[in-house]
J.: 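Encoded as structure tokens, here's the structure I'll be asking about.
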There are 6 protein chains.
Amino acid sequence: MARFVCFGEILLRLSAPVGELLLQTPSVRTHVGGAEANVAVSLAKFGHDARVVSALPDNALGHAARDELRRNGVDTNAVHFGAGRMGLYFLTPGAGRRAADIVYDRAQSAFASAPAFDWKSILNGADWLHVSGITPALNRATADAALNAMRAARATGVKVSFDANFRVKLWEARGDDPRPTLDAFFAEADLMFADARDIALVTGERASTPEDAARIAFARYPSLHRIAATERKVLSADDNEIGGVMVTRSSVTRTASHAVTGIVDRIGGGDAFAAGLLHGLANGGGDQQILDFAVGAAVLKHYIAGDFNLSTAGDVDFYLSQSGVDVRR
Amino acid sequence: MARFVCFGEILLRLSAPVGELLLQTPSVRTHVGGAEANVAVSLAKFGHDARVVSALPDNALGHAARDELRRNGVDTNAVHFGAGRMGLYFLTPGAGRRAADIVYDRAQSAFASAPAFDWKSILNGADWLHVSGITPALNRATADAALNAMRAARATGVKVSFDANFRVKLWEARGDDPRPTLDAFFAEADLMFADARDIALVTGERASTPEDAARIAFARYPSLHRIAATERKVLSADDNEIGGVMVTRSSVTRTASHAVTGIVDRIGGGDAFAAGLLHGLANGGGDQQILDFAVGAAVLKHYIAGDFNLSTAGDVDFYLSQSGVDVRR
Amino acid sequence: MARFVCFGEILLRLSAPVGELLLQTPSVRTHVGGAEANVAVSLAKFGHDARVVSALPDNALGHAARDELRRNGVDTNAVHFGAGRMGLYFLTPGAGRRAADIVYDRAQSAFASAPAFDWKSILNGADWLHVSGITPALNRATADAALNAMRAARATGVKVSFDANFRVKLWEARGDDPRPTLDAFFAEADLMFADARDIALVTGERASTPEDAARIAFARYPSLHRIAATERKVLSADDNEIGGVMVTRSSVTRTASHAVTGIVDRIGGGDAFAAGLLHGLANGGGDQQILDFAVGAAVLKHYIAGDFNLSTAGDVDFYLSQSGVDVRR
Amino acid sequence: MARFVCFGEILLRLSAPVGELLLQTPSVRTHVGGAEANVAVSLAKFGHDARVVSALPDNALGHAARDELRRNGVDTNAVHFGAGRMGLYFLTPGAGRRAADIVYDRAQSAFASAPAFDWKSILNGADWLHVSGITPALNRATADAALNAMRAARATGVKVSFDANFRVKLWEARGDDPRPTLDAFFAEADLMFADARDIALVTGERASTPEDAARIAFARYPSLHRIAATERKVLSADDNEIGGVMVTRSSVTRTASHAVTGIVDRIGGGDAFAAGLLHGLANGGGDQQILDFAVGAAVLKHYIAGDFNLSTAGDVDFYLSQSGVDVRR
Amino acid sequence: MARFVCFGEILLRLSAPVGELLLQTPSVRTHVGGAEANVAVSLAKFGHDARVVSALPDNALGHAARDELRRNGVDTNAVHFGAGRMGLYFLTPGAGRRAADIVYDRAQSAFASAPAFDWKSILNGADWLHVSGITPALNRATADAALNAMRAARATGVKVSFDANFRVKLWEARGDDPRPTLDAFFAEADLMFADARDIALVTGERASTPEDAARIAFARYPSLHRIAATERKVLSADDNEIGGVMVTRSSVTRTASHAVTGIVDRIGGGDAFAAGLLHGLANGGGDQQILDFAVGAAVLKHYIAGDFNLSTAGDVDFYLSQSGVDVRR
Amino acid sequence: MARFVCFGEILLRLSAPVGELLLQTPSVRTHVGGAEANVAVSLAKFGHDARVVSALPDNALGHAARDELRRNGVDTNAVHFGAGRMGLYFLTPGAGRRAADIVYDRAQSAFASAPAFDWKSILNGADWLHVSGITPALNRATADAALNAMRAARATGVKVSFDANFRVKLWEARGDDPRPTLDAFFAEADLMFADARDIALVTGERASTPEDAARIAFARYPSLHRIAATERKVLSADDNEIGGVMVTRSSVTRTASHAVTGIVDRIGGGDAFAAGLLHGLANGGGDQQILDFAVGAAVLKHYIAGDFNLSTAGDVDFYLSQSGVDVRR
């Protein structure tokens with residue numbers, strides 16, 4: 001069991017029923033999510049000590065979001081309650097050949113005001129800090145806050161995991177050039193979740209393979225030790241293929257491609273992968289085993305409603321051990 | 001049949017299931033509402049030509065809100081689609097001795113940016129403009145927009161109906177003194193929905209009865225011809241008593257008190273009263289008949305889920321004609 | 001345990017959710033009902049052998065209606081499947097001061113074509129035949145069919161129970177004078193569920209009390225031995241008061257008035273009363289006990305969704321034995 | 001933007017929940033539909049002026065059906081409210097290898113009585129009249145009414161679109177030979193949605209390809225300019241392949257076959273195709289672009305619950321531009 | 001039409017909503033099931049006289065389970081109500097690559113106490129007795145009861161059908177060696193549902209094909225005339241391939257493999273196969289036709305929520321006659 | 001803020017929808033509860049440090065129950081996961097004149113096996129231990145476990161709160177005389193929730209008032225300092241009146257009677273009272289204020305679905321400060 005600290009915004013998702021467009025009927029289903037919270041929940045389900053650092057409004061919405069994390073075993077003592085709104089997003093789930101659609105409504109959130117955190121105390125005893133590229137995409141204050149957190153971690157020997165999670169819409173809304181900011185973030189990471197496109201965006205150097213992209217990144221960011229990414233092929237909204245690739249300064253690991261048919265909920269698949277990989281790194285084991293576990297976790301997430309991967313490590317192992325998936329009785 | 005123009009913000013309500021606190025379970029029911037939209041829907045159900053003038057975001061939420069008005073027969077051609085969010089409010093419905101609770105989340109809405117409307121064209125052919133005190137409580141721009149609309153109406157012979165709808169939380173959030181603004185609004189109204197407390201707030205003169213309060217208002221606002229209000233006694237969240245009072249410069253009319261037990265949805269009762277009264281004024285008839293109809297409309301609203309009173313004039317007449325309410329078969 | 005045969009139309013109810021108008025939202029809840037089927041289900045729940053004789057369409061709707069009776073222990077072997085539609089009715093449940101509303105859609109039903117039944121075989125071994133005034137109100141063929149059934153019963157010593165159930169809308173739709181038809185029905189009954197208004201309608205003689213009305217009926221219909229009725233005061237859609245009165249040629253029995261507050265489903269209350277009374281007559285006991293049981297059954301029906309009274313005799317006895325109604329644990 | 005008039009019956013669909021047989025559980029979901037209303041809704045969503053001409057019962061069901069069209073932007077001023085029932089159909093949705101099943105319950109509907117319409121006024125300013133083969137299949141009166149409408153359109157220069165929509169069960173129920181009637185309909189169409197089977201049925205001449213069938217039709221019907229059809233391969237209830245073919249007097253156009261896996265709701269796919277094609281013809285563009293759009297529209301309909309294609313033109317364009325369908329965020 | 005007696009435990013299933021883990025949200029859907037009850041319901045739907053012999057608790061749960069069988073046409077007169085709990089199982093339905101999961105909670109059930117039944121009277125007039133390997137796996141008393149029933153059947157010329165249904169978890173919980181017990185069961189069967197693995201387990205002789213396994217069984221059990229089994233390939237939780245094989249002492253019959261994609265509910269597929277085969281044997285016809293019907297029945301079960309196959313024989317025939325499965329209208 | 005330790009069984013409630021009998025339709029709603037867990041949740045909502053000590057099965061049901069406590073802020077580190085079932089109870093909620101009904105299914109639960117707890121460590125730092133009379137009613141082992149806990153508490157200066165919660169059905173099922181056992185429990189309590197009936201049962205001395213009953217108890221149990229109880233009048237299943245009485249060795253305190261109309265969920269009202277009183281004692285203040293708060297908490301519980309009182313102290317204060325309960329906006 002390791003100790004993880006995850007810093008980022010917690011969102012409330014409001015989604016239309018399956019097969020309907022948003023507000024086609026007057027029912028909305030809610031879920032709590034957010035890239036970093038998703039990672040924290042999955043790590044807690046895997047048996048780790050996972051803490052979320054964030055800010056929420058001091059009202060029924062904020063309390064409910066905190067409660068949902070707590071329910072799943074996440075330590076929420078470092079969640080700040082203050083002014084600002086609850087960050088929301090409205091999801092029309094995709095179906096078959098109809099793509100899912102998201103309306104973000106997260107401006108002016110409690111997290112966007114980036115309250116100060118006592119990182120020294122919060123990171124005390126932690127093994128990893130996990131941050132994602134969504135936080136710097138919100139505004140300058142949240143970007144600074146995340147960078148501060150990463151630097152505080154490095155200063156105290158806590159390893160830093162960074163998921164690039166590049167969202168062009170958020171950067172456009174922010175109206176700023178993502179490159180210098182993300183460059184600073186890349187420089188602080190020990191472990192990075194990023195693909196060749198992300199690395200090309202930030203470094204300006206294009207590569208045709210993950211290995212080549214990793215080589216560019218390793219050359220530029222001396223602290224960086226490991227880069228991982230899923231490789232996803234989207235056949236339809238409910239039929240994907242997912243594999244994983246992980247590159248270190250000395251090795252490349254790949255998994256088989258997993259057929260992900262009959263998808264229930266696509267959101268949070270990448271976060272499940274990140275959590276799976278962090279779990280593997282914390283537990284030890286070979287790179288192949290670590291990466292297989294991470295991809296297995298990502299696959300299972302697609303079959304659970306909501307943003308969170310509620311699978312246990314046992315569930316992932318069971319999935320990986322099976323060719324088919326008959327009833328467990 | 002008369003023509004009504006209603007100007008104000010359209011909101012999306014997200015409410016918890018009956019008997020639950022907000023997000024106690026992950027289901028949320030949506031309704032479209034807003035004080036002035038509620039009046040417009042009720043007037044359309046009564047057979048009038050009702051138009052809503054408002055601004056909505058150009059996304060799935062805004063379109064759905066427009067569609068819901070259209071569904072109920074309201075003319076939405078003067079609804080502007082533009083930048084900004086959808087105004088939201090989260091409702092925990094009350095039950096018995098537990099009060100309902102509202103979390104407003106309407107800041108930065110499309111309506112709050114107060115786009116310009118071509119009032120001359122919009123008001124062409126209208127009999128009444130209806131505005132409420134919620135619009136000036138949002139910000140200076142919306143206050144100015146509403147005042148402009150009222151003045152444009154008066155200038156072209158369209159009568160002005162104003163529902164004071166004083167909301168202390170909104171004025172506190174705006175951080176401004178409501179009195180001078182509302183004073184200007186009161187001055188433009190032909191018909192005003194206000195009680196003694198509202199009149200005292202704006203004029204600074206306290207009165208112990210609706211009659212006395214009306215006398216103060218009539219003295220101060222020469223254009224004002226008629227003041228009406230419900231008198232509500234709240235016994236529990238689902239048990240109220242409601243009566244109405246209407247004062248003109250020459251008369252006072254009152255209704256019996258109606259026992260409103262087993263309430264389904266309290267929101268929009270006052271708007272149903274306003275629509276009922278406007279319907280009565282448009283259709284003619286004696287003051288007692290008009291006020292009884294308005295109170296009957298308000299009563300029926302309490303038994304329909306959502307912000308809208310979907311009752312027809314026939315439903316209200318049926319209710320008023322009955323001592324009890326057995327199955328209509 | 002006695003054997004009852006109930007003859008009449010089986011309907012499918014489609015109702016709006018509580019607190020909503022019909023099709024306000026796109027969810028409809030279905031129930032199976034029909035005055036005589038309701039009586040049969042209640043008798044089966046009380047432990048009797050209850051058979052329904054009816055006609056249903058030979059499609060998924062007809063089969064489902066039959067299955068629902070079967071589920072509740074009713075013998076459906078004498079249900080005929082043939083041409084015609086499923087009789088439907090759409091219900092907007094009432095709430096508080098808003099009355100329930102019904103849209104009937106039962107024309108051209110499989111039952112309306114009145115297929116022939118082998119009454120001799122069907123009534124073999126039965127103690128009672130139960131028929132209601134809804135059947136003659138449908139059309140001449142169904143009226144004849146019901147009269148035939150009653151006469152066949154009398155011919156073989158099966159007692160006849162007739163619930164007047166006068167429905168003015170159905171007779172208007174039929175476009176016929178109900179009086180001569182119902183007069184013939186009244187003449188065949190041993191037991192009749194009717195109030196002074198029903199008796200006045202058919203006999204043309206008005207009476208101010210149940211006793212006087214019964215005297216008129218007993219004078220005119222020599223076979224008639226017993227008349228019973230509920231006395232209902234409708235305070236609101238969910239708050240009624242109910243008592244019962246039963247008159248024989250030699251006695252008058254009354255119950256206390258029961259406060260029926262917080263009603264869940266008003267439909268079928270009269271049928272529950274009829275079944276309760278038939279149960280009492282079959283089981284023996286004094287008139288007061290029989291009538292109290294019938295009213296208790298009617299009361300409990302108001303607290304069960306759907307047309308059927310699913311209470312057992314034990315439930316009714318428990319209710320009658322209690323002043324209040326705390327949790328049974 | 002063009003103006004379309006669509007004439008036909010509006011139906012209320014009552015469907016079982018996904019994965020259940022009809023009335024397996026007591027929940028039914030309602031949708032409004034009807035071949036021509038479906039076309040009108042889709043055209044309104046594409047930004048056109050779409051009017052439905054129909055007849056509905058003057059009760060809660062008829063009003064709700066009208067409201068649902070209004071909600072989606074369709075002009076319902078030419079909908080007549082009168083006597084008769086609401087046309088219904090009960091749907092058991094298919095699943096996998098279990099076919100969907102429909103129980104029609106539309107006899108004696110308000111539309112079946114074929115009230116007279118003032119076609120001159122209704123068609124004033126219209127570009128297209130759209131009619132389908134369902135209307136003549138109901139009864140002689142509705143067949144005559146539709147033919148009158150088509151002839152009135154031709155007389156005033158409004159183009160006529162006819163969707164053959166041949167339904168053998170309806171013609172059997174009507175008990176009449178469809179051929180002479182449909183022959184008269186085919187003769188009035190400028191644009192026809194029909195496949196080789198439809199054309200063979202009416203003309204008595206069989207053809208093995210759409211091109212040959214079209215040649216037969218063009219030879220026989222001088223007014224006919226364009227014939228289009230989908231080509232559908234049904235692999236399972238939720239897995240189809242769909243392509244389109246369009247033939248003019250001088251050209252043949254085909255689309256690629258689209259894999260339509262994970263279907264949500266199959267009803268209305270053909271109507272979505274018709275609306276897509278009418279949209280393309282109204283907007284101009286090459287035949288390939290028009291037909292691709294029509295097929296794209298048909299594909300997206302399969303992923304939206306209900307009879308209506310609620311996709312915008314932008315949604316169709318987005319679908320056509322994508323190889324896969326990842327989340328739009 | 002034949003008469004079948006099915007002896008075994010009736011269970012109440014509580015399942016999570018589709019796409020959710022158990023209790024992820026607070027809604028649970030209930031179904032009634034049990035291997036032998038499932039067979040009985042299917043046989044009743046196919047038009048046979050099917051009786052269930054079982055024991056249930058005399059409370060609301062037990063009554064509801066009985067009612068659900070009755071609803072579907074099963075004779076429940078031989079169901080005993082007595083002490084003990086309702087047997088429960090909690091199901092997390094699988095989805096895609098996530099396997100379904102079951103938590104059994106059936107210990108101490110009313111059935112587990114194995115009340116005595118008057119088999120002579122119960123089996124009077126029956127053609128078949130059907131028993132499954134679940135009953136002996138519960139405890140010694142239930143094993144003895146089932147063996148008694150089989151022997152009573154043989155003694156009176158009622159044929160015996162036995163579905164091996166080997167459940168390792170139940171035998172582990174019982175803490176006993178299944179072999180001697182099952183050997184005694186195998187010895188009493190005329191018809192056995194078992195695959196090579198089951199036969200190897202009991203006989204200790206391994207075979208690589210169904211034919212070889214059958215040869216072993218026929219050699220050992222002289223009363224055995226017919227062995228059948230499905231051959232299932234599990235590609236994912238909602239994508240299987242199913243075929244059937246049936247071996248007699250003189251013949252081997254196989255079906256094509258059926259693609260079972262888009263599965264709704266996997267539970268009860270084997271019981272549907274058994275009922276289909278018993279139906280075929282009772283109705284006569286060739287072995288190929290019988291086995292095809294049985295596999296068709298098993299396939300359709302996968303598309304109906306719950307444990308029961310609610311398909312009629314007509315539905316199975318329709319499925320088998322179709323290459324695809326378009327809407328039946 | 002004080003520290004509370006609550007020891008007792010955690011149950012899963014499965015309840016029928018409002019207005020329905022159990023399994024009338026196949027939907028069940030789940031809640032987590034248990035007398036002591038209810039107290040713990042309420043104390044956590046009031047801002048205290050509340051820990052539950054219990055035993056749950058190590059499966060999906062047990063984990064979900066733990067998670068629900070965790071969600072509401074309760075410390076679950078001392079919850080033991082082991083063998084045995086999840087304790088269940090099935091609830092048919094009452095309505096109006098129909099009483100609620102409970103089917104317990106808690107035998108053989110994980111808690112019933114009474115695993116050993118390290119009380120010294122668990123109670124370290126605690127202010128209060130709370131136990132209820134349900135635990136000794138289960139079996140001798142749980143009775144001993146609870147008594148051990150109380151004695152361990154007294155030994156280390158932790159105050160003991162005991163809620164008599166006498167359940168005759170449980171004691172009957174246990175088949176033992178409750179008196180000697182409860183006498184030992186009464187002897188360990190500092191604070192006892194009990195009424196005159198409870199005290200008479202255990203002491204054998206009847207008293208006609210709470211004051212007299214308390215005098216008897218104080219005389220017999222030297223450690224006892226305070227006795228409190230609600231006084232409830234049950235008018236109907238959704239209409240009660242509730243007051244409170246609290247007696248110390250020197251004083252008697254009473255509250256006004258609160259009208260509790262329109263009840264949503266009656267379960268857990270007594271536990272909410274207990275938690276409210278413990279909160280008051282922990283926070284200090286006069287007896288009247290403490291008792292008013294406890295009754296206010298009990299009242300609010302009746303308006304929240306589920307066993308838990310999710311009200312905050314602010315909610316209770318708001319309720320107590322209001323004469324009516326209008327919308328909080």
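Proteins get letters first, then strands, A, B, ... in listed order; numbering begins at 1 in each.
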J.: Do you know which of C:Ser311, C:Ala259, C:Gly306 has the most heavy-atom pairs with chain F at a distance under 4.5 angstrom?
T.: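 When all of C:Ser311, C:Ala259, C:Gly306 are compared, C:Ala259 has the most.
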J.: What closest approach, in Å, do F:Ser236 and C:Thr261 show between heavy atoms, and which atom pair accounts for it?
T.: OG-OG1, 4.2 Å
J.: In Å and rounded to the nearest 0.5 Å, what is the CG to CG distance from C:Asp315 to F:Leu21?
T.: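 If I round to the nearest 0.5 Å, the distance is 7.5 Å.
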J.: C:Gln322 vs F:Val234, test: side chain to side chain contact (heavy atoms under 4.5 Å, CB included). Steps then yes/no.
T.: CA-CA 10 Å; C:Gln322 298 290 308; F:Val234 177; over 6 Å; no
J.: If you compare all heavy atoms of C:Val264 against all heavy atoms of F:Ala95, which two are closest, and at what distance to 0.1 Å?
T.: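 For C:Val264 versus F:Ala95, the nearest heavy atoms are CG2-CB, 3.8 Å.
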J.: For residues F:Arg97 and C:Tyr319, report the shortest heavy-atom separation together with the two atoms involved.
T.: O-CD1, 3.5 Å
J.: Ignoring hydrogens, what is the shortest heavy-atom contact between F:Gln24 and C:Ala305? Give both atom names and the distance.
T.: NE2-O, 2.8 Å
